[in-house]
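One structure is given here, and the rest of the page talks about it.
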Amino acid sequence: MTTRPVSDQARFDLTVVVLALLTAFGPLSIDMYLPAFGDIAASYNTESNRIELSLTSFFLGLFIGQLLYGTVSDRYGRKPPLYFGLTLYIITSLACAFAPNLESLIVLRFFQAIGSCAGLVIARAMVRDLYTPQASAQVFSFLILVMGIAPILAPLAGAYVTSAFGWQSIFIIIAALGLACMVIVHIRLPESRLPDKSVRISGSLPIYWKVLKDPSFLRYSLAGGVAQSGLFTYIVASPLVFIEYFGLSPTLYSWLFGANAVGIIGMAQLNGWLLKRRDPRKILNKSLPLLGLVSLVLMASGYFSWGFWGVVVPVFFYISTLGMVFPNAMACALAEQQSRAGSASAVTGSLQFLIAGLVSALVNALGHYDPLAMVFVTGGCGISSLIIYRLLRKPVNP
């Protein structure tokens, strides 16, 4: 049961801002150290592409960790597991800064992800606790705004921090941010769900399975997750493509990364405006075909070797279009899951990062043979998302 009545209007008060900050820790932990790949590789006397394994382990941690928080947050309320996750995040972030070798860093990144995904799961569940599907789509658009700001600032900050203080300082900084956020959560974030003794932790798997068997949930979660995995493909492979293949400096790469984040922010805010007039499902019906078209152009750019701008432009439009695809897919997936919002949030998040982890491993493997593997895998994600969305629709309710 929730502690506040569900609202039909998305009121962007301090609660929404705090929820947005909680969702930013995942992107921040992913994006801030990307410009430091070369420095980390030099520190551990290894190749840059091996550092990508620490990103893959982070995605794997996000997949497993979210399943741990779902039913727990339905049973004990939202804030207790959130405190646990933030504490784990702070400790492992500090440990990453002093990891003695790459293998230790990879393992620590796995547990850092388990800590960070508490904010992802619980923030989404609290949105579903407090808002109707229409209003929640607007709130998710705002969350995309904050998640978009993180990729703008994080690589730029990471590049300058690495240059001035070394790559280890990145993890010290995000640990401090985690501590600050936990203090804000304690002081200003209200509990949105009372503990429910009827929810049994031992019954987590049956609950997750019941959520997965919901055709509507599966359709929107898979379509949104596969589309979003194209973004993670870009995140994993872009340092290799733009810094090593196209020869950009880490600073210029950070600005390019930020430009793509501006695109997703703009489309997310356009999406929020459209949601005042349109149902999220109808917007998704238009934005996913657009994503498929952009994906075809992106794959063609790699096949016909259109060069730097031939890659940069379609990548920008792919990532921007996600600002309209992902918030609506998430809102539609959780729309009918009110009594098990925490579990449903965990399942959809785990699906998203399971796919992201598999795709990032694929692009890492293909990158040894083709430096532009990123464009083919990203484009394939966009086309696959559209195919899934079409195949799983109900004939009576497309």
Side-chain angles (χ1 to χ4, degrees), residues 21-69 72 80-122 150-151 153-155 157-186 232 235-236 239 349-350 353 356-357 360-361 364:
L21 291 175
L22 288 171
T23 65
F25 278 100
L28 187 67
S29 303
I30 292 169
D31 301 327
M32 193 169 181
Y33 88 133
L34 293 180
F37 270 24
D39 290 72
I40 298 174
S43 176
Y44 292 133
N45 193 27
T46 187
E47 298 176 354
S48 295
N49 67 289
R50 290 200 67 214
I51 308 302
E52 294 175 1
L53 294 174
S54 67
L55 199 53
T56 300
S57 71
F58 193 88
F59 289 147
L60 181 61
L62 288 172
F63 159 62
I64 295 174
Q66 292 188 72
L67 293 176
L68 300 177
Y69 293 107
V72 171
L82 183 57
Y83 288 136
F84 170 82
L86 287 172
T87 301
L88 179 61
Y89 179 80
I90 294 165
I91 293 172
T92 51
S93 296
L94 287 173
C96 284
F98 301 100
N101 50 54
L102 177 58
E103 290 74 19
S104 299
L105 180 65
I106 291 170
V107 172
L108 287 168
R109 287 280 288 171
F110 172 80
F111 288 103
Q112 184 192 34
I114 290 179
S116 72
C117 67
L120 291 171
V121 172
I122 294 170
L153 299 179
Y160 287 110
V161 167
T162 300
S163 176
F165 305 106
W167 66 266
Q168 294 89 346
S169 59
I170 292 174
F171 292 100
I172 296 174
I173 289 171
I174 61 178
L177 292 175
L179 178 61
C181 187
M182 186 159 62
V183 172
I184 295 172
V185 164
H186 179 70
F232 291 117
I235 290 171
V236 169
S350 292
F353 286 105
S360 66
N364 182 57

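The structure presented is a predicted model; accordingly, all values stated were derived computationally and were not measured.
Taking each heavy atom of L88 and G115 in turn, the nearest pair found is CD2-N, 3.7 Å. Among all heavy-atom pairs drawn from I114 and L68, the shortest one is CG2-CD1, 4.4 Å. Annotation for F58 and S116: closest pair CZ-OG, 3.6 Å, computed over non-hydrogen atoms. Scanning all heavy atoms of the two residues, the minimum distance from M182 to T87 falls at SD-OG1, 3.7 Å. Nearest heavy atom pair, residue I172 against residue A97, reads CG1-CB, 3.8 Å. Shortest non-hydrogen contact noted between C96 and L108 is SG-CB, 3.7 Å.
Taking a 6.0 Å sphere around OH of Y83, one finds it holds more than 12 heavy atoms contributed by other residues, nucleotides or ligands. The neighbour count for F111 CZ, taken as heavy atoms of other residues, nucleotides or ligands under 6.0 Å away, does not exceed 12. Within a 6.0 Å sphere centred on OH of Y44, heavy atoms belonging to other residues, nucleotides or ligands number more than 12.
Taken to the nearest 0.5 Å, the OG atom of S93 stands 11.0 Å off from the CG atom of L179. To the nearest 0.5 Å, the span separating CG on L62 from CG on L67 amounts to 11.0 Å. The NE2 atom of H186 sits 12.5 Å away from the CG atom of L82 when rounded to the nearest 0.5 Å. Atom OG in S57 sits 11.5 Å away from atom CD in E103 (nearest 0.5 Å). For the atom pair T92 OG1 and F171 CZ, the distance stands at 9.5 Å (nearest 0.5 Å). Considering CG of N45 and CG of N101, their distance stands at 12.5 Å, rounded to 0.5 Å.
Counting only distance, with no hydrogens or angles, the side chain of S43 and the backbone of D39 share no donor-acceptor pair below 3.5 Å. No donor-acceptor pair closer than 3.5 Å links the side chain of T162 to the backbone N or O of A159. No donor-acceptor pair closer than 3.5 Å links the side chain of S104 to the backbone N or O of A99.
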Inset, instruction - Kindly indicate, with the supporting measurements, whether the criterion side-chain contact (heavy atoms from CB on, under 4.5 Å) is fulfilled by L177 and L21. - result: CA-CA 10 Å; L177 292 175; L21 291 175; over 6 Å; no
Inset, instruction - Give the C-alpha distance, both sets of side-chain angles, the deciding distance and a yes or no for side-chain contact (heavy atoms from CB on, under 4.5 Å) between I122 and L22. - result: CA-CA 9 Å; I122 294 170; L22 288 171; 5.7 Å; no
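Contact of the L53 side chain with the L102 side chain is not registered, since no non-hydrogen atoms from C-beta on lie closer than 4.5 Å. Residues I174 and Y89 are in side-chain contact: their nearest non-hydrogen atoms beyond the backbone lie under 4.5 Å apart.
A cation-pi geometry, defined here as NZ or CZ lying under 6.0 Å from the six-membered ring centre and within 45° of its normal, holds between R109 and Y33.
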